[in-house]
Amino acid sequence: MEESFYDKVFRIVRLIPKGRVSTYGAIAKYFGTGLSSRMVGWALNSSHSQDIPVPAQRVVNRNGLLTGRHHFPTPTLMEELLISEGIKIKENQVQDFKKHFWDPAVELGY
DNA sequence: CGTGTGACCGGCG
DNA sequence: ACGCCGGCCACAC
């Protein structure tokens with residue numbers, strides 16, 4: 001069973017530690033510069049269909065903005081989850097985003 | 001089989 | 001500094 005490109009994305013997202021956040025671009029880059037960031041968000045669009053919960057709330061755009069919050073069951077759920085993990089959110093924006101940033105290419109060692 | 005779309009990113013005017 | 005445009009790959013219709 002080869003894992004689809006979705007499963008790879010889900011796996012990386014699940015590897016994001018609690019209290020950390022990552023970006024679509026960072027994950028896409030981890031796959032290789034060939035993959036565009038759009039694919040990451042698109043894959044996450046199917047995350048709801050996965051039996052294994054995917055912490056998609058930890059994935060934000062490079063601005064630290066919770067762009068994907070509209071795709072959650074409730075638009076406030078994403079913010080609530082991040083706050084619940086100790087991340088501070090202000091106006092749909094991650095505070096100290098750079099400090100909470102988790103880069104798979106670095107943390108996982110490329 | 002071709003077109004459109006998508007939770008983005010980076011470059012250029 | 002800001003706004004607009006193209007690119008990039010995968011999947012659905």
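The sequence lines fix the lettering, A, B, ..., with proteins before strands; numbering per chain opens at 1.
Atom P of nucleotide dC9(C) and atom NZ of K29(A) are separated by 16 Å, given to the nearest angstrom. A straight line from CD1 of I16(A) to P of dA7(B) spans 18 Å, rounded to a whole angstrom. N45(A) has its CG atom 12 Å from the C1' atom of dA12(C), to the nearest Å. Between the CG atom of D7(A) and the P atom of dC11(C) there is a distance of 10 Å, given to the nearest Å. We find that CG of N92(A) is positioned 16 Å from P of dA7(B), with the value rounded to whole Å. Straight-line distance from the CG atom of L44(A) to the C1' atom of dC11(C): 15 Å, rounded to whole Å. Following rounding to the nearest Å, R69(A) (CZ) and dC8(B) (P) show an atom-to-atom distance of 12 Å. dA7(B) atom C1' lies 16 Å from atom CD of E79(A), rounded to whole Å.
The residue S46(A) sits apart from the nucleic acid: no heavy atom pair falls under 4.0 Å. Counting non-hydrogen atoms under 4.0 angstrom, A56(A) reaches a base of the nucleic acid. The residue F72(A) sits close to a base: some heavy atom pair falls under 4.0 Å. Across all strands, L35(A) comes closer than 4.0 Å only to sugar-phosphate atoms, never to a base (heavy-atom distances).
Counting only residues at least two apart or in different chains, ring pair (Phe, Tyr, Trp, His ring centres under 6.0 Å) contacts with residues 19-54 of chain A are absent. The salt bridge (Lys or Arg N to Asp or Glu O under 4.0 Å) pairs that include a residue from residues 70-96 of chain A are R58(A)-E85(A), where partners are two or more places apart or lie in different chains.
Judged by distance alone, with hydrogens and angles left aside, the side-chain atoms of H100(A) form a donor-acceptor pair with the main-chain N or O of G19(A) at under 3.5 Å. Side-chain atoms of R20(A) come within 3.5 Å of backbone atoms of K99(A) as a donor-acceptor pair (strictly under, hydrogens ignored). Under the 3.5 Å distance criterion, the side-chain polar atoms of S46(A) are left unmatched by any main-chain donor or acceptor of S49(A).
Hydrophobic cluster membership of I87(A), counting Ile, Leu, Val, Met, Phe, Trp and Tyr whose side-chain heavy atoms lie under 4.5 Å apart directly or via other members: V21(A), V60(A), L66(A), F72(A), L77(A), M78(A), L81(A), L82(A), I83(A), I89(A), V94(A), F97(A), F101(A). Side-chain heavy-atom separations under 4.5 angstrom define the hydrophobic clusters, and L65(A) shares its cluster with no other residue.
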Between the protein and nucleotides 1-5 of chain C, list every N/O to N/O distance that falls short of 3.5 Å.
none

Could you list all N or O pairs between the protein and nucleotides 9-13 of chain B that sit under 3.5 Å apart?
unit_1, atom_1, unit_2, atom_2, d
dC9(B), OP1, R62(A), N, 2.9
dC9(B), OP2, R62(A), N, 3.3

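The side chain of F5(A) approaches dA10(C) more closely than any other nucleotide in the set dA10(C), dC9(C), dC8(B).
Side-chain heavy atoms closer than 4.5 Å link hydrophobic residues (I, L, V, M, F, W, Y) into clusters, and following such links, possibly through other members, connects V59(A) to L108(A).
For the atom pair CZ of R11(A) and NZ of K8(A), the computed distance is 9.5 Å after rounding to the nearest 0.5 Å.
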